[in-house]
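Just so it is clear: chains get the letters A, B, ... in the order the sequence lines come, proteins before strands, and each one is counted from 1. Only heavy atoms go into these numbers, but all of them, side chains included; no hydrogens, no water, no symmetry mates.
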Amino acid sequence: MLIQQLVNGLTLGAVYTLIALSFSLVMGILGVLNLAIAELFMLGGYFGFAVVMAQLPLPLALIAGMAGAALVAAIVERIGYQPFRTASVVTPMLSTLGFSIILQNVATNVWGSDPLQLTDEVLSGRFNIGPVSVSAIQLTVLGVTVLLVALLAFLVQRTSIGRALRAVAENRDVARLLGVPAGRVTLIAFMLSGALAGAAGVLIGVHYAAITPYIGVEIGLKAIAVMVVGGTTRIWGALIAGPLMGVVEVMTVAYGGSQIRDFVVYGFMILILLLRPQGLLGGGRSDQGQRV
Amino acid sequence: MSMYYAGLLSDIGILLLGALSVYIILATGQLSLGNAGFMGIGAYLTSWLTVEVGLPVTAALIVAALVSGLIGIAVGFPALRLKGIYLAMATLGFGEMVRSFFQNFTAMGGSGGFHGMHHVSTGYIWTWALVILAVIMLIEASPIWLEIRAVRDDETAAGLVGLNPTEIKVGAFGCGAAVAAIAGGLFAHHHVYIEPGNFSFERSIDFVLAVILGGSTVAPGALAGAVMLVILPEYLRFLADWRFAAFGALLIGMLLVRRQGLLDRALFRLVLPRSQA
Amino acid sequence: ADEVVLGAIVPSSGPFAEWGRTNTATLQMLEKQVNDAGGINGAKLRIVILDDATKPAQATNNLRKLAGDDHVLAVAGPLTSSAAEVTFPVANEMKVVSTSQASSKPGVAKLNRPWAFRNTIDEGVLGRTTVPYYKEAFSIKTVAIIFDAKDATAATVGSKIMPGLMKDNGIEVLNANDPLSFNTGDLDVSAQVTKIKALNPDGVVVSADYSQAVTVIREMKRQGVIKPVVGSTQLISSAILKAAPEIPIVAPATFYASMAGDKPEKFVKELTPVLRKISGLPAEIEPSMYDANIYEIASIYIEAVKKAGVTGKPDDLEADRTRIRDYMAKLSGFAGLGGPIAFNEDGDAIKAFYIVQGQNGTWQSKVRGCSAPDGKQGC
Amino acid sequence: MTLITPPRLKLDRVTKTFGGVYALTELSLEVAPRQIVGLIGPNGAGKTTTFNVITGAYRATSGTVLLDAHAVTSEPSHRIARAGIMRTFQNIRLFSDMTVWEHLLVAQPHTGPFARRLLPMRFSNPHVIERAEEVLEFFGLGDVRNRLARSLPYGLQRKVEMARAVTARPKLLLLDEPVAGMNHDEAETIRTLMLRLREEGLSILLIEHDMAFVMNLCDQLYVLDFGVLIAQGRPDEIRTNPAVLDAYLGQAA
Amino acid sequence: MLRVSDLVVRYGAIQAVRGIALDIAQGEIVALIGANGAGKTTVARAIVGLLPYRGEVAFEGEVLKPNSAERNLRRGVALVPEGRGILGTMTVQDNLLMGLYTRRDRAQAAKDLAALLERFSILAERRNLLASLMSGGEQQMLAIARALLSKPKLLLLDEPSLGLAPKMTDAVFAMIQDLRREGLTVLLVEQKARQTLKIADRAYLMETGRVITSGPASELIDDPVVSETFLGGRAAPVTSTHAG
Ligand SMILES: Nc1ncnc2c1ncn2[C@@H]1O[C@H](COP(=O)(O)OP(=O)(O)OP(=O)(O)O)[C@@H](O)[C@H]1O
Ligand SMILES: Nc1ncnc2c1ncn2[C@@H]1O[C@H](COP(=O)(O)OP(=O)(O)OP(=O)(O)O)[C@@H](O)[C@H]1O
Ligand SMILES: [Mg+2]
Ligand SMILES: [Mg+2]
């Protein structure tokens, strides 16, 4: 059972990591907590479901989910972020909360509040290795997560686009003086993060095969926790923190008692933050850039 | 006044206190998303004191405020190490831990909830709310409030001109926690039933929303925000199924029009020209 | 009076929006039927329906508005137990009848006599019939229990009622000392289900609202735990039957869409097309137990108005409300959709219920029960 | 040099490293009462770091800082400020949403019981208001008292910073490039103010790259290069010191 | 090369620049001097396209659009902003690489970077330090170096000597002259009027949003208005300490 629970924990962790990535793309770089990401994830799920239910292949569902969510993310950026660039960080956080309220309501009106379920499992193959059983979709989620983390880390930390993003976040005018098209760059960041959330929505929706308009809330919260534990400025952080939190959560349920799960999980998060106030990989660089 | 408006008014009063609890902490530049936790502590503690111990409500509220204030100080110290989103998440985690605790705390009903409190009147709730609002507004004219503003603006510079940021930030946490506990106690005695789900992070976010919508630089902003948050959904009922979509849109619209919130110091200066001299 | 005004509190926004919306459609249909048939003693029926967004505090204010501003004679709702817990005290304070269409958490109406009623049966009572059938039908000797810890009703049933009932019926609860739970909104319950799998029980008790139970049942299927599931009325929904058709689900219900009989069949026939026109609801939606319940509640109120000497004059409002309350308390043999309805001294319904089993996509009635106290006539 | 009066400020072999980089190496310096001392040196020499160590913004790696013969090393910065050392900043650091008047109130120490601190200003500590009026007058900021300090022209912002530092009646004032970016006239007014402050008994330690200003004002100069003291003495001695010319002033002189 | 006509810039109700005209020819060093608040910074920011304005700014014969700094940089107009504008949460290295953001000629860019690091050796030493942790003067050097890396044709410098030690100020001014010899055109906004006028070809003197005098720098140095208000003696090198 231990190994099976580890697999459960890792899958859950991968799920967290996937969503944490889209949060950290805008949080780590632009410094805004886009709360609507939880709902972009939900939307991605619904778009993906629509495609899967039309008997179309999974990659197509992924594309639909990513494109749909990226489009909505673009609207969130234009209305919910751009006008609040210069305001305190709480303000864009709340304007994006406005979007998440709207999106939940719209989804309820369009798809209903009942769980929408897939009748057949997509990628239902299972692999049994001894007592452990892993499904194809689980493996897909794990694989895609690692791939996306690597891709994103490369993009943000190694390419000039990532650097440009960070520059815009810190000082928009200066970035423009250096030739960075600031408006376009933030829009791209939001859409990218939206696309990630959408992809996560499709994969995770298909994995659990049931979604509701409120699916993003709890899992979004955990994903933010994962992002914070990993450190917002380092993409790789999420890849460590996600599975860590996933395993802690699952092991608490398995061996400690499921009642105290939230207590333990959040306690663990606080503990890590107290030991490393900028998260595991937050190395404390950009946040500590204070001098007199 | 109809019972309906009295009910809304009670909700506003309680939300006002919750918002003020966030306001005090936010005034020092710290965003707390865990005040529902302090509210829960206050709600359960006062309920226990009135139902099981038999204390009068007012005494119970004062005790709960003190205890929660101490817990707030205890939470405030480690919170000093954290900034921005890290602090917000840590406090949110604290709030969820409190909720999870009461969920398992079968002595007070666990997730089944707790009964037996006596109903308090709207007037009683507002007496508390107004007294605390007045005290905060009074403090806003005091030297300590200037120090709080200085710490929020630039903690390092504040330290270097002789202010003690630790004392101010931790103190604010304590005060915020105490006010949140009062909000919780009143909530419990208004609804005469509480369950852990009442104190989840959504409520903390409501508090923050009230503060930011109303204006986070002046205490009456919390009042304006609380009124809006309670009244708005009621007045949007004619939209039926689209009620909350409209609410979300209005929220964004309001921020777009007045990102500093409905009320701010500039507005006050305009209305009361020589208010601070 | 030329108008009879009733109120209703339903959750048309938030996670239970679907129920609130079908409830609304049901009441609107009833209103139209009554008025088309000439109204109530010549007066038109008007039902004021308010959305509480699944937020208890809003439900209390809804009641205050209905009773205080809209001068309704009686209120149907609120739906959830959490809302009922805080709304019923207000009903007592304002002296207006409030009858929940779905709350089944033990003892909620009892605490708020005499104005609170529930057209539902306490889960403790229902379980006494459900569990023996379940034991019998699937030869259950051991079970594991999993519940939604954030949902007050589900948690009470999962942590108190069900363990007691299992003990009474000689069924061993394998995780008696290690309760398994999750939270409303959780997506992943794989760890809990893996644990259940390791316990290898004969059956699984899932105490959760159906939308949450879907997650558990799907995970059971995924991990190959094909064991019969038992639960409370919270499980009753057509959605849950789609989660894992091969897993049998046993739960009590006072109404289900495929129920036989003139009244329920007529009700379903009339309401189904109405529901299917509402956007956002699944295309194949059917009337739910809570639609039936709220339909009955409003019908009881209407009968009370007709028979208890309710004048409907503004000056008599207080007296009229008392008349309705007294009529409800003494009600007997009201013709509900599934048989006669009355209320016990706790304010909960005495009516027939059915232990239904969901298999291959439909509910099938297995046992008929009655919530009348032992030795009393009721259903 | 300070045989009779003990130095107001004394740095004794202060070293500050940043992960292997020596920003200050065994720096010793003294400021006597009523003295204006200049600290000069090339960019990155460690001048601002010296201020930061004195005021507790940075903790010295080794060495001691003495104020009136009392060690203040490794005290938290607010204590050091209260002990009598106030400063201004190289990059102006005013509180962004405070008026000039509020800046003059906020830095003053509060006397009396804590509870009085919660009362409105006028009841809690009337002396504070008197003092602020006095300083406002001294710096000629009366016209802008109710303006947001941040919205003022650069020169005035510098003045507000100095005024804020002075309200707390410090013994020692540290000024970091007080006339950078100012035109001649503005620099002159600052110079006059500093001289008057000295009259009132204040000691001043000053960093400035404007040599005309420094040479005209300071009683004593210390020259840093790469964290090491390379010269000290009266302005006329320093001006011709070859090491200083080479490291700092350049061939122009 | 640059022609500004009828430039008007307002901040809300305040008109900070009230219709000025400027001309800069290819290869010139033009100085813009004036008292605090005269509007120099505003002019510079408008030219590079950080502000909305009325009037016309033409660069190499083409009209530049207001508020289009990123496009103007690609055309060859760069600004070292007032207050340095370093990206404090990024390392010195990243700041420099940001200077190369629009460069496509990688090999040459790398060479330019190496050359600049040689000139400002402290930047090479502090490569991996967060830019915000550097001293004021070091930050100023970084800002200048970064702007040069984009290989501008026209460089606007807003008080580049702020916070620089005398020797470094001299070095920067010398460098500006070197660069001019390599074909760079410079608009220099400065408070250190005397030194500025020494290296400039021509100068404009601003007061409250208007140009009040302009002409060859060598003539302006002797202009009584200029020397009275701006030279005052203190901007001069150390040798002249007669002020006061
Ligand atoms: N927190 C820090 N971390 C790392 N290095 C630092 C830090 N603070 C300062 N330094 C380095 O220490 C050296 C001294 O800096 P300091 O600010 O004291 O110089 P300064 O003499 O004030 O120079 P300037 O005249 O340019 O302001 C600089 O090289 C700087 O990069
Ligand atoms: N963001 C702004 N909002 C409002 N007014 C401004 C703003 N920036 C500058 N001003 C005003 O515009 C005028 C010109 O300012 P500007 O900064 O261009 O002057 P400057 O000549 O560069 O002065 P300095 O020598 O101090 O740098 C001043 O009166 C200033 O107060
Ligand atoms: Mg310095
Ligand atoms: Mg300027």
With a 4.5 Å limit on heavy-atom distance, are the side chains of [X] and [Y] in contact?
X: Lys150(C); Y: Glu218(A); value: yes
X: Ser237(C); Y: Asp114(A); value: yes
X: Lys222(A); Y: Asp188(C); value: no
X: Arg218(C); Y: Gln117(A); value: yes

What residue, out of [options], has the most heavy-atom pairs lying under 4.5 Å from chain A?
options: Val214(C), Ile285(C), Ile278(C), Leu281(C); result: Val214(C)
options: Asn183(C), Asp178(C), Leu187(C); result: Leu187(C)
options: Ala243(C), Gly185(C), Ser181(C); result: Ser181(C)
options: Ser13(C), Ser190(C), Ala149(C); result: Ser190(C)
options: Ile146(C), Ile240(C), Thr184(C), Leu180(C); result: Leu180(C)

Chain C heavy atoms under 4.5 Å from [X]: which part of the residue, side chain, backbone, both or neither?
X: Ile204(A); result: side chain
X: Gln104(A); result: neither
X: Thr212(A); result: neither

With a 4.5 Å heavy-atom cut-off (strictly below), which parts of residues 14-23 of chain C touch chain A? List them by number.
-> Gly14(C), Pro15(C), Phe16(C), Ala17(C), Glu18(C), Arg21(C)
Honestly, the part of Asn175(C) sitting under 4.5 Å from a heavy atom of chain A is neither
Thr215(C) versus chain A, the contacting section by heavy-atom distance below 4.5 Å =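 Neither part, no heavy atoms under 4.5 Å.
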All side-chain hydrogen bond (donor to acceptor under 3.5 Å, both in side chains) counterparts of Gln357(C), not counting sequence neighbours |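 Partners of Gln357(C) under the side-chain hydrogen bond (donor to acceptor under 3.5 Å, both in side chains) test: Tyr133(C), Gln359(C).
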Determine the option with the most heavy-atom pairs under 4.5 angstrom with chain C, choosing from [options].
options: Ser258(A), Gly9(A), Gly257(A); answer: Ser258(A)
options: Pro213(A), Ala210(A), Pro115(A); answer: Pro115(A)
options: Ser113(A), Ala254(A), Gly112(A); answer: Ser113(A)

Arg261(A) bridged to Asp186(C) by N-O distance under 4.0 Å |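 Yes.
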At what distance, to the nearest 0.5 angstrom, does CG of Asn8(A) lie from CD of Glu219(C)?
-> 7.0 Å
